[in-house]
Amino acid sequence: MNQVDLVIRGARVVSDHQIIEASVAIDGEIIVAVGHDDLMPSAREVLQADGLFLLPGAIDSHVHFRDPGYPHKETWKTGSAAAACGGVTTVFEMPNTNPPTATIDALNLKLKAAESSYVDFGIHGLLGDDTVGHLEELIDAGVTSFKAFVGNTFGNLPSPSDGALLEGFEKLAPLGIRTVVHAENSSILARRQKRMQAEGRIDALAHLAARPVVAEIEAIGRVLTLAEWTGARVHIAHHSAADSLFLIREAKRRGVDVTVETCPQYLLLNTDHADHLGGILRLNPPIREARHNQPLWDAMMDGTIDMIATDHAPHAPDEKTRANIWECDCGFPGIETQMALMLTEVNRDRASLMDYVRWSSVNPAKAWGIYGTKGVIAPGAHADIAVVDMNKSGILSENELQSISKISPWDGRAVKGYPIHTLLRGRFVMRNGKLVTEAAGWGRSVKGIQAMPKAKPLNTEHYTSAILKTPEGVRLTAEPKR
Ligand code: DOR
Ligand code: ZN
């Protein structure tokens with residue numbers, strides 16, 4: 001083999017099923033060899049990585065980069081810089097921007113903004129009553145997947161009617177495209193919030209009271225019913241409650257193609273933290289009582305929950321710290337802290353590094369049809385690698401975040417286990433803990449490499465498209481009476 005660009009030697013390479021001592025050779029954007037150091041080609045550069053671990057770059061299925069629309073909260077450049085510094089090499093970005101990603105023009109604005117990205121990306125288009133009629137056009141123009149805001153959240157996009165959701169699933173099932181669902185019942189949330197507001201409740205815990213577990217149970221049940229009937233692929237965003245896990249377990253057992261994410265905040269935070277964090281902790285679905293934390297972790301371990309995402313939802317500090325909880329924006333940044341938080345749990349023996357790679361890379365890559373090119377360190381794959389030091393300790397600090405949103409519930413938290421270099425398609429986007437600023441714009445859409453498995457639509461004879469025309473030979477009405 002000719003001389004290659006880079007060989008990483010001395011580290012251990014982690015997949016979802018093994019950890020091996022191996023060197024990795026990279027040429028251009030691609031991994032060309034993984035194996036014994038003696039077998040490595042000569043290289044223009046060598047990264048000596050003794051004692052470190054090489055993980056496939058994390059793939060975050062759920063981020064809000066706010067661009068276009070809210071550049072004071074985040075931009076593609078700052079959000080993706082945060083990703084790079086968090087060991088994340090691919091993100092899937094949400095449509096509740098302004099304008100929302102519901103039209104070709106809005107999508108083009110977003111794709112333009114994404115030209116400054118440090119990391120690769122997919123774009124979730126909006127699935128709602130107004131977009132059901134042109135989903136194919138959005139796909140052709142570049143969206144990789146869809147998002148349905150069944151539960152109301154930042155941006156106040158109306159939740160799709162059940163009829164539109166069903167018809168959207170009917171259109172996407174034959175294409176094999178997966179839809180992310182924010183699964184909370186909007187009507188319950190709105191009514192309870194209004195009732196509490198009328199009574200003058202403005203405390204931080206009122207937000208949780210407005211969004212009880214039953215709202216998640218009901219919405220997940222409804223979405224799974226429609227997905228199972230149509231054969232559509234769905235993805236449950238930010239699963240927050242222990243009590244709704246049974247629905248996922250049963251649906252998976254029946255063969256429904258549902259994938260599920262949760263986020264570090266649902267695994268590691270709870271209402272015990274609400275006192276001192278107040279509005280900072282406000283997000284949707286809400287952070288719940290401590291009794292939910294361990295069952296969610298167990299569901300990650302047993303495969304009910306497939307992956308870790310962040311719902312990176314940046315807002316300005318003054319938008320998070322108002323006295324009235326209803327005036328605090330929902331969400332907080334998370335993409336830069338996810339890996340350190342989760343590696344800390346690995347260091348506490350709550351999971352193995354292989355479990356973590358399954359949650360952070362392998363399963364998201366499979367869910368979005370990019371596994372093989374991404375999600376794995378193997379010859380032929382993109383050289384997307386997080387180089388991790390499991391012995392590095394530190395204290396998370398909101399002021400050090402790349403995100404514009406310098407307000408985080410993780411501020412001051414001790415962690416052990418950090419990504420120290422991040423490579424995206426062979427290029428360092430973070431090196432020695434520092435953003436490589438020249439790499440802005442290196443990120444590109446994963447649309448070109450996305451290949452979803454064969455679609456399995458069901459009950460197609462009952463699809464809206466199949467019932468629009470009167471079948472041949474069927475009488476229009478009953479025989480007229482004589
Ligand atoms: O808290 C949240 N904030 N949850 C979401 O689902 C959306 C997000 C946002 O966009 O701010
Ligand atoms: Zn979100």
Side-chain angles (χ1 to χ4, degrees), residues 60-76 79 82-83 91-102 110 121-128 145-160 179-186 189-190 193 204 207-208 210-211 215-216 219-220 223 235-241 260-266 269 274 277-288 307-320 322 325-335 338 364 403-405 407-409:
D60 193 333
S61 304
H62 190 155
V63 308
H64 301 264
F65 284 172
R66 308 295 191 210
D67 200 353
Y70 310 97
H72 70 288
K73 294 179 191 277
E74 197 75 291
T75 64
W76 267 84
V91 297
F92 285 79
E93 208 267 348
M94 288 292 170
N96 59 336
T97 40
N98 189 10
T101 318
K110 183 161 285 187
F121 54 87
I123 306 282
H124 298 308
L126 184 68
L127 174 52
S145 36
F146 286 89
K147 167 79 178 273
F149 288 95
V150 170
N152 185 263
T153 194
F154 176 75
N156 283 325
L157 298 174
S159 53
T179 302
V180 183
V181 181
H182 179 134
E184 288 184 284
N185 176 310
S186 265
L189 318 176
Q193 179 171 335
H207 178 66
L208 170 60
R211 304 178 85 112
E216 184 170 291
I220 290 180
V223 165
H235 176 80
I236 305 297
H238 39 45
H239 194 110
S240 72
V260 185
E261 70 183 36
T262 191
C263 313
Q265 53 268 34
Y266 300 110
L269 299 179
L277 287 170
I280 299 176
L281 218 52
R282 187 181 188 210
L283 89 157
N284 304 319
I287 304 278
R288 302 188 188 279
M307 66 189 80
I308 192 83
T310 64
D311 192 4
H312 178 81
H315 297 285
D318 65 297
E319 296 166 334
K320 292 290 299 166
R322 296 170 179 145
I325 190 68
W326 309 117
E327 290 168 8
C328 296
D329 277 345
C330 296
F332 44 78
I335 198 165
Q338 176 271 115
S403 175
I404 292 175
S405 173
I407 185 149
S408 163

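Reckoned from all heavy atoms, side chains included, excluding hydrogens, waters and symmetry mates. Just so you know, ligand 1 is whichever comes first in the structure, and atom 1 is the first atom listed for that ligand. Because the structure is a prediction, the values reported are computed rather than measured. By convention here, the first residue in the shown sequence is residue 1.
- The nearest N, O or S atom of H62 is closer to the Zn ion (ligand 2) than 2.8 Å.
- In this structure, H238 and E261 have side chains that are in contact, with non-hydrogen atoms separated by less than 4.5 Å.
- Closest of all the heavy-atom pairs between V150 and S186 is O-OG, 3.0 Å.
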**OP:** Decide side-chain hydrogen bond (donor to acceptor under 3.5 Å, both in side chains) for D311 and H64; before the verdict, give the C-alpha distance in whole Å, the side-chain angles of both, and the deciding distance to 0.1 Å.
**Re:** CA-CA 7 Å; D311 192 4; H64 301 264; 2.9 Å; yes
Original post:
ring-ring contact (aromatic ring centres under 6.0 Å, His included) between H315 and F154: does it pass, once the steps are laid out?
Top reply: CA-CA 10 Å; H315 297 285; F154 176 75; 5.0 Å; yes
**OP:** Just do the side-chain hydrogen bond (donor to acceptor under 3.5 Å, both in side chains) check on S405 and E74 with the steps written out, would you?
**Re:** CA-CA 7 Å; S405 173; E74 197 75 291; over 6 Å; no
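- Under a 3.5 Å cut-off, the side chain of K320 and the backbone N or O of I280 do form a donor-acceptor pair.
- For ligand 1, the protein residues within 4.0 angstrom (heavy atoms only) are H64, R66, N96, T153, F154, H182, H238, L283, N284, D311, A313, H315, C330, G331.
- The Zn ion (ligand 2) lies closest to atom OD1 when only the N/O/S atoms of D311 are considered.
- Coordination check, H182 versus the Zn ion (ligand 2): failed, since every N/O/S atom of the residue sits at 2.8 Å or beyond.
- Closest approach of A204 to G278, counting heavy atoms only: CB-CA, 4.0 Å.
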